[in-house]
K.L.:
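Structure in structure tokens, see below.
Counting begins at 1 with the first residue of the sequence. It should be emphasised that the depicted structure is a prediction, and the values quoted were computed from it without experimental measurement.
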Amino acid sequence: MFDRVAELTVRRPRVVLAVASVLVAAMSFVGVGAFGKLVGGGFDDPDSQSTRAGQVIDEKFGGEANLVFLVSSRAQRVTDPEAAQDGKQLVAELRKQPELSNVISYWDTQSESLLARDGRSAMVLAHVKGDESTQGENAHDIIDTYAGQYEGLTVRAGGGSAVGAELDEQVLQDLLLAEVIAVPVTLLLLLIVFGGVVAALLPLAIGTVAVAGTFAELAILGGVTNVSIFSINLTTALGLGLGIDYALLMISRFREQLARGTSVADAVRTTVHTAGRTVVFSAGTVAVALTALLVFPQYFLRSFAYAGVGVVVIAAVSTLFVMPALLMLLGHRINSGRLPWPKADRHRRRAPFWGRLAGTVMRRPVLITVPVLAVLLLAATPLLGVTFGTPDERVLPEDATSRQVSTALQADFEGDDEAAIQVVVSGSLRYEAVDTYAEQLSRLDGVVRVQAATGTYEQGRSQAPGPANEALERPDAQRVTVIGSAPPKSDDAQSLVQVVREVKAPAGAKDVLVGGGDAELLDTKDSIAGRLPLAGGLVAVTTFILLFLFTGSIVQPIRALALNIISLAAAIGAMTWIFQDGHLSSVLGFTAQPMDTSMTVLLFCIAFGLSMDYEVFVTSRIKELHDAGENTEDAVIHGLGHTGRIVSAAACLLAVGFFAFATAKVSFMQMFGLGSGLAILIDAIAVRGVLLPAAMRLLGRSAWYAPGPLRKFHQRFGISESGPTTHHAPAGVAQHDETSIRA
């Protein structure tokens, strides 16, 4: 395959670029529609008890409250005649909106739970219709119409729909700001790394192709299934980053070949066979790590698999075809536009610092490694106290309206009806059975009141009971609302959900489903935790197999997995110390809260995949030299001498794209960006620069060990780099290249 690709790009470079240009134009045209097809939400397990409870409530009871209007008056109490009249008029208009159902308010029910303690605010609860693709739009339109000043009242919107609408809008703003910062900084760093304008622009070309292609993929997938809008963030950051990584590897090898006096055509052939092969294999390891996200039922996580695998594959394919064609046409002009500051030494392609560092580490592996390991393990210690949660209004900045409404509801009202536990009991129930069940629930610790068709209950006493012989409104299902005293998403609120689920079902009930926000949090954590072993096992096994096929050793995959886990634990531990424990909250402007469950899983998979990316970069060159006859120590020193600068430069450039998300106002985006960037730098510097050479030195010859049968298997089916089958070097130029495996 690599022979054919090399020959195609050498003989027909203009045809390859023309076809690529047409494809990019088509992908860009399709990809523009992605923004209109991507949706918010997707954090819940569609098969969980809480999700099924919500579906039953939507179908049979008009939907649970997901939008809260906090209606306030500074001049008077909202119970005064003038304010009450304005409030009733607002409610009447809201009930006319086709996007809303189940609109209830204090002025209709006279329920004290909907009136603030000081009497100056009241709640209007409503359900915004639609699935997750349309609910956000409907909520946005309703909020734009009614929020603000209404007659003599001030109206502010909160609740799940309002938070979701505000979150989607803020994420897009954060993405734009991050790109405005990352792109020029990345371009400046590319100029510094490559020392020339032409070479610096090539990685941006690959990144552009990857992003355009992935947007087209997301637009197509968004038409047939739910795809999260947050996948855009990964597409842009990873597309640009991998484009830089792969292009940097290809350009560095191409320049290296030109510096040896190789012809342009042969330099392209060697680049495709060596760096191109590494790119393809590296992309496979990253894609495998991201594919593990498909085992989770939440489409929020699955969307990152769609985007991540797509961007990796497109970046690799474009690097394999477009980059060699560009190099063939540019030839020695790859060095055009030289900037004044680099020292022009074309023959000095090794990075002395990384070679010397590897040599120093291998002379005293234990002495140097122990302090580095100690620092990484210390950074990982916050994981001992980690707790997990799901996004709520606290991920937004404090000045976000929906967050301010949530804060007011918790502070000024007795129990938050919008955050209540929703119990749906199916079956033909008698009045007495529902009455007994509601009374049982009202006696639970932490319950403020229970609302059911039979009345309202507080501590076992019915406040508004119906007649004992009254027929229930629905013959096939009953809805019971449990309002607790604990703050939403707290440990006490989640414990109450578990206790409610343990209460014996009423007589005649076929099924009891417990839902609501706290139940969703509990189910999401259980769902992700239940699938983590499968996802982790898939990543470990497939990574082991791929690295064995690449190295022919069973020790190298184990070493790589161990070092990656250490670096990832340090990075995620640091994020726990910052975002859960609250350190640097005043600097970054976020509110400390439990680690976001989905984003932590995503961070692990992304960082693991990119770590394996650099693992392949370094190990491939070490193996080339080892297979060419060098001993393990020399192969490591010379291999890092060749690749250390590439890996460190690529890591810094990729980290810039992720660190740009530190400017976000949504806290879980800050966590993802900072965590990914930190994990990349830890891996590129501490792991590749120190731990890898130390491990190779301590392992010695056993680093390349494999049992006899597996050695034979690898000899037949293994993957390794090789130069082109035929070299056409000019006379006087040695055909043997110490930096590529024997043909």
K.L.:
Using a 4.5 Å cut-off on heavy atoms from C-beta on, say whether the side chain of L326 contacts that of F321.
P.N.:
no
K.L.:
Using the ring of each side chain (for Trp, its six-membered ring), is F300 parallel, tilted or perpendicular to F230, with breaks at 30° and 60°?
P.N.:
perpendicular
K.L.:
Where do L383 and G573 come nearest, in terms of heavy atoms and distance?
P.N.:
CG-CA, 3.8 Å
K.L.:
Would you say the side chain of L301 lies within less than 4.5 Å of the side chain of I528, judging by non-hydrogen atoms?
P.N.:
yes
K.L.:
Establish, yes or no, whether the cationic atom of R645 lies under 6.0 Å from the six-membered ring centre of F353 and within 45° of the ring axis.
P.N.:
no
K.L.:
Per the side-chain contact (heavy atoms from CB on, under 4.5 Å) rule, which among L177, D174, V395 passes with K665?
P.N.:
D174
K.L.:
Looking only at heavy atoms, which two atoms of A635 and L625 are closest? And how far apart?
P.N.:
O-CD1, 3.7 Å
K.L.:
Can you find a heavy atom in the side chain of K37 that is under 4.5 Å from one in the side chain of V227?
P.N.:
no
K.L.:
Could you check if a side-chain atom of L640 sits within less than 4.5 angstrom of a side-chain atom of L357, using non-hydrogen atoms only?
P.N.:
no
K.L.:
Report, one line per pair, each donor and acceptor closer than 3.5 Å where one atom sits in a side chain of residues 598-606; sequence neighbours left out.
P.N.:
{"unit_1": "T600", "atom_1": "OG1", "unit_2": "D596", "atom_2": "O", "d": "2.7"}

K.L.:
So which atom in A219 and which in G31 form the shortest heavy-atom distance, rounded to 0.1 Å?
P.N.:
CB-CA, 4.5 Å
K.L.:
I need the T576 OG1 to D581 CG distance, nearest 0.5 Å.
P.N.:
7.5 Å
K.L.:
In Å and rounded to the nearest 0.5 Å, what is the CD1 to CG distance from I192 to L653?
P.N.:
9.5 Å
K.L.:
Quick one, F548 and S553 - any side-chain contact, counting heavy atoms below 4.5 Å?
P.N.:
no
K.L.:
Would you say the side chain of P324 lies within less than 4.5 Å of the side chain of T271, judging by non-hydrogen atoms?
P.N.:
no
K.L.:
One pair to check against side chain to side chain donor-acceptor pair (under 3.5 Å): R253 and T274. What are the steps and the verdict?
P.N.:
CA-CA 8 Å; R253 184 62 76 108; T274 54; 3.1 Å; yes
K.L.:
Are side-chain heavy atoms of L610 and D683 found at a separation under 4.5 Å?
P.N.:
no
K.L.:
Compare all side-chain heavy atoms of F550 with those of L546 and state whether any distance is below 4.5 angstrom.
P.N.:
no
K.L.:
Pairs under 3.5 angstrom only: tabulate donor-acceptor contacts from the side chains of residues 668-675 to other protein residues two or more places apart or in another chain.
P.N.:
{"unit_1": "Q670", "atom_1": "NE2", "unit_2": "L588", "atom_2": "O", "d": "3.0"}
{"unit_1": "Q670", "atom_1": "NE2", "unit_2": "A662", "atom_2": "O", "d": "3.3"}
{"unit_1": "Q670", "atom_1": "NE2", "unit_2": "A664", "atom_2": "O", "d": "2.9"}

K.L.:
Got a sec, which pairs hit salt bridge (charged side-chain N to carboxylate O under 4.0 Å, His left out) with one end in residues 541-561, sequence neighbours left out?
P.N.:
R559-E615
K.L.:
Please enumerate all residues that pass ring-ring contact (aromatic ring centres under 6.0 Å, His included) together with F215, with sequence neighbours excluded.
P.N.:
F35
K.L.:
As an exercise, state the distance from CG of L218 to OG of S231, rounded to the nearest 0.5 Å.
P.N.:
4.5 Å
K.L.:
Only pairs at least two apart or in different chains count here, so list each side-chain hydrogen bond (donor to acceptor under 3.5 Å, both in side chains) that has a residue in residues 526-545.
P.N.:
D45-S527, Q298-S527, S527-R531
K.L.:
Looking just at side-chain N and O atoms, do Q556 and T619 make a donor-acceptor pair shorter than 3.5 Å?
P.N.:
no
K.L.:
Could you give the distance from CE (M250) to CD1 (I646), rounded to the nearest 0.5 Å?
P.N.:
12.0 Å
K.L.:
Can you see which heavy atom on T643 is nearest to which on F617, and at what distance?
P.N.:
CG2-O, 3.8 Å
K.L.:
Mind listing the closest non-hydrogen atom pair of I637 and G355 along with its distance?
P.N.:
CG2-O, 3.5 Å
K.L.:
How about W704 and T632: does a side-chain donor come under 3.5 Å of a side-chain acceptor?
P.N.:
yes
K.L.:
For residues 304-311, tabulate all N or O donor-acceptor pairs below 3.5 Å that involve a side-chain atom, not counting sequence neighbours.
P.N.:
none

K.L.:
Could you report the tightest heavy-atom contact between A237 and L654, atom names first, then the distance?
P.N.:
O-CD1, 3.9 Å
K.L.:
Once rounded to the nearest 0.5 Å, what's the spacing between atom OG1 of T186 and atom CG of L204?
P.N.:
8.0 Å
